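Start at 1 and go down the list; that is how both ligands and their atoms are numbered. All values derive from a computational prediction rather than experimental measurement.
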Amino acid sequence: MNDNKWWKNAIIYQIYPKSFKDSNNDGIGDLKGIIEKLDYLSFLGVDAIWLSPIYDSPMEDNGYDVADYFKIAPIFGTMEDMDSLISEAKKRNIRIIMDLVANHTSKEHVWFKEACKSIDNPYHDYFYWSDKPDDKISDFCGSSWEYVESLNLYYYHYFAKGQVDLNWTNPKVRQEIANIINWWLDKGVAGFRMDAIELIGKELDKNIFANGPKIHDYLRELNENSFGKKKDSITVGEGWPTTKIAIEYTNPEHHELDMMFNFDLISHIWKNNDLEKFEPNIPNLIELKKIFARWQNDLKDKGWNTLFWENHDLARCISNFGNDRFYREESAKALAYMLYFQQGTPFIYQGQEIGMINAYYTKLSDYQDIDSINKYQDKVIDKKIVSSSRMLKGLQRGSRDNARTPIPWNDKENAGWNNGATPWLKIIPNYKEINIEKAIANKDSVLYTYKDIFKFRKESEYRDTIINGSYETYLDDDPYIYVYKRSYNDKSFIVVVNYDDDNHELDLNIDVSNIIMSSYKDSPSSTRKVILRPYEAIVYKIK
Ligand code: GLC
Ligand code: CA
């Protein structure tokens, strides 16, 4: 199955440009800032950057509302900057993956402006219209329908008012998207992360949103007309699939996408609470094991997995799944061991590699995210279903801004992120302790755990085991200790993690030879009746 694909063994690093590095001291991260830090990314072992949107945009949702797919947002730089980012990255063997926001455009896009001129305008059918809005609610609160006076009609938006859904039933829309993809591929980008792609087959009158009946036809057509022609391109879809659905999208014989993100962990977190992600329901280890096993086993030889803990929409993983107060570094390392020896393509999100934690802002005015602000308004002010203090606590757990704080590069003014201008989003107070310079200087830091794992995946004798090996688990009922084995031909290793803040005994009847890596020094050299310390994680070679 496609074993020669470069992305099966690539490390993909997500950059949220607004927060990565501000090169011209205007308080907003930019493309030149990314170029400045490419050497750092190659030091870390990154093969590709997934760049969150940098296109021209009114920034109602930080660029996920595109006004012009062929222009760079002035706050981020120019097309020349983009060209030099692509070529400078290439010099370091780093590919660029764009974020394709094709479920919707900004209401500032010329297509939409034209569409509002009259119902006969050739762009009118690029969007969804209704003269009788029903009760659909948008993802960022309020009705999904917005009135346009000039037409006496309502347009449909799944997300914010400024993010107007594109009508994929219109073949012209599908051709426009293929053109955008081809234009960027010609420029030298490697491929696309496809935003909210599962929604493009929606059938509004039937209340079908995700995974609509036509979606696979659309993706096959897009594949044929654009990225499918470039054999070494990469596509990764954003959606919330089950394993069965993920296989439909990613089975190579289907000619749709290379891989899909899997949000099973996150669906679990959002369940059973009034406040969903704002009062997260964190899975215990036994539940986590089941989720991991489902994805590792179901997709084996049928599709392809992505491995990720974080992105720009989620809380920091240590704050959700680890212990960010007392075992920040230990739990950060444990989480890395738990996931990144599995089968699939690893994605890491900026700052994850140094163990950044949630922002823990205390005031509503600290937040910039439209989702956080609208949900506060909706639940606290409009519907009065939660108190302000409960919601503020909730934002500390679930706001998307938790992962969007500017990257701390050192312990100087504004964390070395810029030269002192007020950042668009507050820098987190712990930057003197958690910053990239400090992490590089300390060989025991979280950063070296990531760096070592990446090296192991790509350069060790276990490279093929990582790509193709089987996934087998032990001690499935143990609530504290996670053990998985990867084997391929004659090469096997096991990963052992104590996922708890207490010591626990491991008693596993397997003959291990030496330790390949471990998160503590002097870890036990056997797995029989030994004590593992809090969050201790070890990879053993198997005889
Ligand atoms: C995706 C993006 C998110 C954005 C939304 C609408 O979920 O990751 O940041 O708000 O789509 O484009
Ligand atoms: Ca800037």
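Which parts of ligand 1 touch Arg400 is read off a 4.0 Å heavy-atom cut-off, strictly below it: atoms 3 (C), 4 (C), 9 (O), 10 (O). Under a 4.0 Å criterion applied to the non-hydrogen atoms of Gln163, ligand 1 contributes the atoms 6 (C), 12 (O). Taking every non-hydrogen atom of Phe140 and a distance limit under 4.0 Å, the qualifying atoms of ligand 1 come out as 10 (O). Near His104, meaning under 4.0 Å from one of its heavy atoms, ligand 1 places the atoms 6 (C), 12 (O). Less than 4.0 angstrom separates some heavy atom of His312 from each of these atoms of ligand 1: 2 (C), 3 (C), 8 (O), 9 (O).
Aromatic ring centres of Tyr249 and His254: separated by at least 6.0 Å. Trp129 and Trp145 have their aromatic ring centers separated by at least 6.0 angstrom.
Of the protein's non-hydrogen atoms, the one nearest atom 4 (C) of ligand 1 is Asp61 OD2, 3.2 Å. Among protein heavy atoms, atom 9 (O) of ligand 1 sits closest to Asp313 OD1, 2.7 Å. For atom 5 (C) of ligand 1, the closest non-hydrogen atom of the protein is Phe159 CE2, 3.8 Å. The shortest contact between atom 7 (O) of ligand 1 and any protein heavy atom is with Glu238 OE2, 2.8 Å.
Pro58 is linked by a side-chain contact (heavy atoms from CB on, under 4.5 Å) to Asp65, Ala67, Ser106, Glu108, counting only residues two or more places apart in sequence or in another chain. Annotation: salt bridge (Lys or Arg N to Asp or Glu O under 4.0 Å) contacts of Asp371 (sequence neighbours excluded): Lys277, Lys375.
Taking the side chain as every heavy atom from C-beta outward, Asp125 and Phe127 never approach each other to under 4.5 Å.
Ring pair Tyr156/Phe209 is parallel by interplanar angle, where below 30° counts as parallel and above 60° as perpendicular. Aromatic ring orientation, His109 versus Trp111: tilted (interplanar angle from 30° to 60°).
Distances from the Ca ion (ligand 2) under 3.0 Å pick out these protein N/O/S atoms: Asp22 OD1, Asn24 OD1, Asp26 OD1, Ile28 O, Asp30 OD2.
Applying the ring-ring contact (aromatic ring centres under 6.0 Å, His included) test to residues at least two apart or on different chains, the pairs with a partner in residues 401-421 are Phe20-Trp409, Tyr40-Trp409.
Between Glu60 and ligand 1 there is no heavy-atom distance shorter than 4.0 Å. In this structure, Tyr158 does not count as a contact residue of ligand 1, since none of its heavy atoms falls inside 4.0 Å of the ligand.
Side chains of Ser372 and Ser399: a donor-acceptor N/O pair is present below 3.5 angstrom, by distance only. Using modelled atom types and a 3.5 Å distance limit, the side chains of Asn182 and Lys230 yield no donor-acceptor pair.
A salt bridge does not link Asp258 to Lys8: none of the charged side-chain nitrogens sits closer than 4.0 Å to a carboxylate oxygen.
In Met194, neither the side chain nor the backbone holds a heavy atom less than 4.0 Å from any atom of ligand 1.
For the pair Gln163 (side chain) and Ala160 (backbone), a donor-acceptor distance under 3.5 Å is present.
Compare Asn311, Leu199, Asp195 by their heavy atoms: the one nearest to atom 12 (O) of ligand 1 is in Asp195.
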